Amino acid sequence: MDELGDFLGYALAAAWLIVKLVIKLAGRDDARDTAPPEHAAEAQRGAPFDEAAPAAEVAPRSRAPRAAVPFGAARAPDEARQRAALLRLGELDRSAAALGESVRHERANRRFADALTRFVPEEIARARAAAAAGAPARAVEAAADDIELVLGEIAVLARQRRDPSLLAELGDADALAEACYAPVIAFARAEGLPLRSGFPATQLTPFDLAIWTGFIPTSIAPIFLPADFFATPLRWPALAHEIGHDFLASIDDLEPALRRELGLPGAGARPRSPALDDHDIPSSELRRAFGAWFEEIFCDVFGTLMFGPAYVVTMSELFFQEGEPYASLVVHRDVASARYDEHPPPHLRVLIGCMVLERAGLGESARALGEAWARRHAEVSLDHLIWPVRGAWIPLPLRPCAEMAASIVERLYAGPLLALSGFGLQDISGLDYGPHEHQEALRARDALLAGRVPAVRDARALLAGAVLAAHRAPERALAILTRARGAIPALGTSERRPDAFAPAQAASGAPLDRRAVTEALLFREILLPPRALRGRRRARL
């Protein structure tokens, strides 16, 4: 039955996305990024390494029964539709309460309790109040749709964590996602920035890697994992890219404020057919292109700061198309809207990753990765990008794009950015991947290549080391990932590191004397005052 439920859920989600796409093509979806936060069923951001946007995995919908209306019959009066919508809200309220009570007692699912016991009831109360105030039935029905979508997604997240065969895998991915979120959460709290999301939750889906930013109001950040995610370490650094999307979307006004400071237009700015200026794209048109690419560029800078060279290795491996080297150079436009695609050309993204490494003091790694990328494109010139100009594809010099990219990278990396309290991304403690973090990743890499479970404790360094090891020995990628995961305590389980209960070592390196420890504990109990007096002493303070 679970398989049937998943299939129905995927079918419903696909139908929902098709409706959203039709609306977008009709030009009525331009304002989706400005939708009010109480509506959770927004479109999710696209995947970082593939152009197909994923659908949300949702549980089969449980709606209140509705009478069949024959074709051509008059629609039910608005009052009847309103009553049906209110009955449906009551059903959703009961479902949320039951699911909230069950997840509260499950270690792996406790993080969903707040959304079920606070967010969903508040949304239901808001919808009921709107109905009482005379809101049209369609508005109440839309609110019920959104709430049902939230409940369905949380139900799937919880069900996957109840599956013993998935719990450890998802727990490892969740642990890495939380390690990536931790610096962002700490920075937002320290600077008083209103971060509205903070509970990442991964799930296996038939879709490509992506994060559902429409869930931000619930505080949950569902991250969709593709089917091959646990077969290779290469996709794991892309979690940081997705968290970058969530960071950018979950702090109110952060993205538009950054665009204003960088002088970039909004993502919806329409491109023009540029008149070539000495065989170059005019700077005004470059800014339109970079306005469309800004979110992906931000997330690539964020991802490189999180994982260092391993993130650039991931981009290089997943972007390169064997036999089609020109694909790395093409500037795409969306066929329907004629706007620039949100993803920059792969060559520019790899170049941006290398710029960040240079800025972080890892110039040697940047040069080695840049040279390796160039060798894979030996049959084409990497000094040009291929632009769509008046119905034709024309190679134009890379230099203007590289210069603009470098200026954006520098501001994002070093600041000052008023939208980030005057800081740059390098100033976010824990986000600044540098030589120390790189050495940790190299230690993990060497242990994995030697066939050992690393002693490194940082989940980010572990996976960065796993990517570097798999890059050197691709035939051992699965075994390398398995050993790296063996060093991560899976979130939501009772799993511990292999060395968690190893005998502690004294400063001199000698094992502690158990007898001495026992005697110390006995002396402590003897010297403590009687229990009856301890409370009194505290009361007098």
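One-based numbering along the sequence shown. Everything quoted here is computed from the prediction, not taken from an experiment.
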Side chain to side chain donor-acceptor pair (under 3.5 Å) contacts touching residues 480-491 (sequence neighbours left out)
Asp172-Arg485

Hey, does Val184 have a side-chain heavy atom less than 4.5 Å from the side chain of Ile428?
no

For Pro237 and Pro233, the nearest pair of non-hydrogen atoms, with its separation, is CD-O, 3.3 Å

Where Phe307 and Ala240 come nearest, the two heavy atoms and their spacing:
CE1-CB, 3.6 Å

For the residue pair Phe112 and Ala158, what are the closest heavy atoms and their distance?
CE1-N, 4.2 Å

Chi angles and distances behind the side-chain contact (heavy atoms from CB on, under 4.5 Å) call for Leu209, Phe224
CA-CA 5 Å; Leu209 191 67; Phe224 304 137; over 6 Å; no

Angle between ring planes, Phe187 versus Phe423, binned at 30° and 60°: parallel, tilted or perpendicular?
perpendicular

Does Arg411 reach the main-chain N or O of Pro416 with its side chain, forming a donor-acceptor pair under 3.5 Å?
yes

Are the side chains of Leu449 and Leu468 in contact, using a 4.5 Å heavy-atom criterion?
no

If you compare all heavy atoms of Thr202 against all heavy atoms of Leu170, which two are closest, and at what distance to 0.1 Å?
OG1-O, 3.5 Å

Interatomic spacing from CD1 in Ile408 to CE in Met404 - rounded to 0.5 Å
6.5 Å

If you round to the nearest 0.5 Å, how far is CG of Leu262 from CD1 of Ile297?
9.5 Å

Please determine whether salt bridge (charged side-chain N to carboxylate O under 4.0 Å, His left out) holds for the pair Arg260 and Asp253, giving the CA-CA distance in whole Å, both sets of side-chain angles, and the decisive distance to 0.1 Å.
CA-CA 11 Å; Arg260 287 192 295 270; Asp253 199 43; 3.2 Å; yes

Ion pair present between Asp246 and Arg196, side-chain N to carboxylate O less than 4.0 angstrom?
no

If you define the side chain from C-beta out and look only at heavy atoms, does anything of Leu417 sit under 4.5 Å from Leu258?
yes

Would you say the side chain of Leu425 lies within less than 4.5 Å of the side chain of Tyr413, judging by non-hydrogen atoms?
no

Check whether the ring centres of Trp236 and Phe229 lie less than 6.0 Å apart, and answer yes or no.
yes

So side chain to side chain donor-acceptor pair (under 3.5 Å) across residues 399-409, not counting sequence neighbours, yields Asp280-Arg399

Walk me through whether Val467 and Leu463 qualify under side-chain contact (heavy atoms from CB on, under 4.5 Å).
CA-CA 6 Å; Val467 170; Leu463 268 302; 5.6 Å; no

Non-hydrogen side-chain atoms of Leu239 and Ile223 separated by less than 4.5 Å
yes

From CG (Asp114) to OG1 (Thr218), nearest 0.5 Å:
9.0 Å

As a quick check of understanding, evaluate salt bridge (charged side-chain N to carboxylate O under 4.0 Å, His left out) for Glu106 and Arg110, giving each step before the final call.
CA-CA 6 Å; Glu106 299 168 356; Arg110 285 174 192 157; over 6 Å; no

I'd like to know whether CZ of Arg189 has more than 12 heavy-atom contacts from other residues, nucleotides or ligands below 6.0 angstrom.
no

Please find the pair of heavy atoms, one from His438 and one from Ser365, that lie closest to each other, and give the distance.
NE2-OG, 3.7 Å

Rounded to the nearest 0.5 Å, the CG atom of Leu448 sits from the CG atom of Leu462 at a distance of 7.5 Å

Do Ile147 and Val120 have side chains that approach each other closer than 4.5 Å (heavy atoms only, starting at C-beta)?
yes

Do the ring centers of Phe298 and Trp293 come within less than 6.0 Å of each other?
no

Arg161/Asp174 ion pair, N-O < 4.0 Å:
yes

Salt-bridge criterion met for Asp341 and Arg333 (N-O under 4.0 Å)
no

With a 6.0 Å cut-off (strictly less than), is the heavy-atom count around CD of Glu191, excluding the residue itself, greater than 12?
yes

Would you mind checking if Asp458 and Arg443 are paired as a salt bridge, meaning a charged N to carboxylate O distance below 4.0 Å?
no

Between Phe215 and Ser197, is a side-chain contact (heavy atoms from CB on, under 4.5 Å) present by the stated rule, with each step listed?
CA-CA 8 Å; Phe215 251 67; Ser197 178; over 6 Å; no

Quick one, Phe319 and Arg349 - any side-chain contact, counting heavy atoms below 4.5 Å?
yes

4.5 Å side-chain heavy-atom contact, Met306 and Leu431
yes

Rounded to the nearest 0.5 Å, the CE atom of Met315 sits from the CG atom of Leu369 at a distance of 9.0 Å

So which heavy atom on Ala179 is nearest to which on Arg460, and how close?
O-CD, 3.9 Å

Going by an N to O cut-off under 4.0 Å, is there a salt bridge joining Arg367 and Glu358?
yes

Is there a donor-acceptor contact under 3.5 Å from the side chain of Thr314 to the main chain of Leu234?
yes

With a 3.5 Å distance limit and no angle check, can you tell me whether Arg235 reaches the backbone of Asp228 through a side-chain donor-acceptor pair?
no

Would you give the length of the straight line joining atom CD1 of Ile251 to atom CD1 of Ile216, rounded to the nearest 0.5 angstrom?
10.0 Å

Do any N or O atoms from the side chain of Gln160 and from the backbone of Leu166 form a donor-acceptor pair under 3.5 angstrom?
no

In chain order, what residues pass the side chain to side chain donor-acceptor pair (under 3.5 Å) check against Arg107, with sequence neighbours excluded?
none

Can you check side-chain contact (heavy atoms from CB on, under 4.5 Å) on Phe230 and Leu478, steps first, answer last?
CA-CA 8 Å; Phe230 295 98; Leu478 180 56; over 6 Å; no

Centroid-centroid under 6.0 Å between Phe320 and His377 rings:
yes

Asp427 side chain to Gly424 main-chain N or O, any donor-acceptor pair under 3.5 Å?
yes

Would you check if the side chain of Glu371 reaches a backbone N or O of Ala368 as a donor-acceptor pair within less than 3.5 Å?
no

Keeping the roles fixed (side chain from Arg287, backbone from Leu264), state whether a donor-acceptor pair exists under 3.5 Å.
no

Residue pair Glu285 / Tyr340, side-chain donor-acceptor N/O under 3.5 Å:
yes

